[in-house]
Amino acid sequence: MKKIAVLTSGGDAPGMNAAVRAVTRGALAKGWQPFAVRNGYAGLLAGTIEPFDARNVGGIVQQGGTVLGSARCPEFVEAAGRKKALSNLEKLNIEALVVIGGNGSQTGSASLVREGLPVVGVPSTIDNDLYGTDVSIGADTAINVTLEAIDRLRTTASSHQRAFAVETMGRDCGYIALMAGIAGGAEVIALPEQEIAPAQVAERLRAAHQRGKTHALVEIAEGARCGVRELMHYYEEQGDSIGFDLRVTRLGHVVRGGMPGAADRVLATRLGDAAVECLARGESSVLVGILCGEIASTPLGEVAGRTRPAKAELLELARVMAM
Ligand code: ATP
């Protein structure tokens, strides 16, 4: 019987549990023994690894976060840390690992592969910035949470003739801000991938006011050069000329939390099962993903250390739609 382990690593993302369930049940369906690792790579080092059965993953498909726990584990970045992790897996005769996580986690997967362990990565990050997949687990839910906030703020903005600047997660990649901004009809979107100064944002708001808009929304990714702080600073100095009263809302970790939507549950189920299928075919050291609508696999060596920026060209579409 083949023994495989599954872990969740890096930032939690809605849908991780559905992926854990799919890996566990997919492995059981093949007659394999699945194991779960608690707290990501930290659990591999600590040896918190236990056998899982179908009942262990019952009632989690709809839960947000990760029931396995996640952790940032600097020790694992060092070869000595990974040696300890590999020896803990060896002690249990575990032959392969499925890593559910984002960029850093899949770079860790690639290191384990180089050290001889078969690993399949499952892309999971709300930022959707992993190379090798068009869509990662958690991104769709995070966009919808952000969008709901935008829609609610629009109601109050329109009642008071205000502009709202809404900051959402995305330190290095503005995917959530871009998609939620387009879906929510934001007047201005600011991303880390793009150069936009507070004065330019203010100019767009001023122009919107002059075109007769009664309220406006600015959607800002937390890593944008024009962050909410910079924008408020500009507003304190030159606010009178903008036309709108400007308020700020930072969504923070709310964006990560809550139940995964249907799209993330289905995606996680498909990708978790695809990871098991890869191992069954002897295809390890890959990231499973969706490319052009189909399940695809990309060598982890190509994925490691690489990111996929948000499509900043869509900003022009958003700008035209904000006329
Ligand atoms: P998210 O995109 O949600 O932040 P992530 O997977 O990118 O998720 P990180 O904190 O970057 O999250 O990485 C998770 C863990 O992966 C780290 O704590 C570390 O243990 C491991 N890791 C990160 N980078 C490397 C690396 N270069 N080599 C080996 N392991 C790494």
Side-chain angles (χ1 to χ4, degrees), residues 1-10 16 19-20 22-52 66 68-125 130-133 136-137 271-289 295-306:
M1 183 197 294
K2 196 170 184 120
K3 293 182 175 179
I4 69 162
V6 58
L7 61 80
T8 52
S9 170
M16 275 182 157
V20 170
V23 172
T24 303
R25 293 190 174 170
L28 289 167
K30 297 218 174 289
W32 301 351
Q33 172 61 63
F35 286 75
V37 182
R38 301 279 173 190
N39 303 324
Y41 290 134
L44 268 192
L45 266 75
T48 47
I49 307 168
E50 61 195 90
F52 249 30
T66 162
L68 297 187
S70 188
R72 313 269 181 193
C73 179
E75 236 185 304
F76 185 82
V77 181
E78 308 302 325
R82 291 196 299 276
K83 201 168 166 199
K84 201 164 152 194
L86 288 167
S87 116
N88 283 335
L89 289 170
E90 224 170 86
K91 274 185 220 156
L92 295 165
N93 296 318
I94 293 170
E95 297 156 58
L97 179 67
V98 176
V99 172
I100 302 166
N103 267 310
S105 305
Q106 303 308 345
T107 303
S109 303
S111 303
L112 287 175
V113 164
R114 281 197 300 276
E115 284 148 18
L117 182 74
V119 184
V120 174
V122 174
S124 175
T125 167
L130 259 168
Y131 181 82
T133 187
S136 289
I137 297 164
L271 293 182
D273 185 62
V276 172
E277 290 299 337
C278 276
L279 290 173
R281 287 196 298 271
E283 190 189 350
S284 58
S285 79
V286 293
L287 179 90
V288 291
I295 301 263
S297 54
T298 306
L300 279 167
E302 286 177 30
V303 172
R306 239 164 134 170

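Since this is a predicted model, take the numbers as computed values, not measurements. Residue numbers start at 1 and run along the sequence shown.
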To the nearest 0.5 Å, tell me how far [X] [atom1] sits from [Y] [atom2].
{"X": "S124", "Y": "I100", "atom1": "OG", "atom2": "CD1", "result": "7.0 Å"}
{"X": "K84", "Y": "L45", "atom1": "NZ", "atom2": "CG", "result": "5.5 Å"}
{"X": "Q33", "Y": "T24", "atom1": "CD", "atom2": "OG1", "result": "10.0 Å"}
{"X": "T125", "Y": "M16", "atom1": "OG1", "atom2": "CE", "result": "8.0 Å"}
{"X": "R72", "Y": "N39", "atom1": "CZ", "atom2": "CG", "result": "13.0 Å"}

**Asked** Counting only heavy atoms not in E302, do more than 12 fall under 6.0 Å of its CD?
**Response** yes
Determine whether [X] and [Y] make a side-chain contact, defined as any pair of heavy atoms from C-beta on separated by less than 4.5 Å.
{"X": "L68", "Y": "F52", "value": "yes"}
{"X": "L28", "Y": "P34", "value": "yes"}
{"X": "V288", "Y": "V122", "value": "yes"}
{"X": "V276", "Y": "W32", "value": "yes"}
{"X": "F35", "Y": "V6", "value": "no"}
{"X": "V119", "Y": "S284", "value": "no"}
{"X": "P123", "Y": "Y131", "value": "no"}
{"X": "V120", "Y": "V99", "value": "no"}

Can you see which heavy atom on [X] is nearest to which on [Y], and at what distance?
{"X": "V113", "Y": "L300", "result": "CG2-CD1, 4.0 Å"}
{"X": "V286", "Y": "C278", "result": "CG2-SG, 4.0 Å"}
{"X": "L44", "Y": "L97", "result": "CD1-CD2, 4.0 Å"}
{"X": "A27", "Y": "I4", "result": "CB-CD1, 3.9 Å"}
{"X": "L117", "Y": "E95", "result": "CD1-O, 3.9 Å"}
{"X": "A5", "Y": "V37", "result": "CB-CG2, 4.0 Å"}

Could you check whether any side-chain N or O of [X] sits under 3.5 Å from a backbone N or O of [Y], counting only pairs where one atom can act as donor and the other as acceptor?
{"X": "T8", "Y": "G69", "answer": "yes"}
{"X": "D273", "Y": "A22", "answer": "no"}
{"X": "R82", "Y": "F76", "answer": "yes"}
{"X": "S70", "Y": "G10", "answer": "yes"}
{"X": "Q106", "Y": "G101", "answer": "yes"}

**side chain to side chain donor-acceptor pair (under 3.5 Å) evaluation trace for E90 with S87** = CA-CA 5 Å; E90 224 170 86; S87 116; over 6 Å; no
**Item:** Test salt bridge (charged side-chain N to carboxylate O under 4.0 Å, His left out) applied to K30 and E277, step by step
**Value:** CA-CA 9 Å; K30 297 218 174 289; E277 290 299 337; 3.1 Å; yes
**Prompt:** Under 4.0 Å between a Lys/Arg side-chain N and an Asp/Glu carboxylate O for E50 and R38?
**Reply:** yes
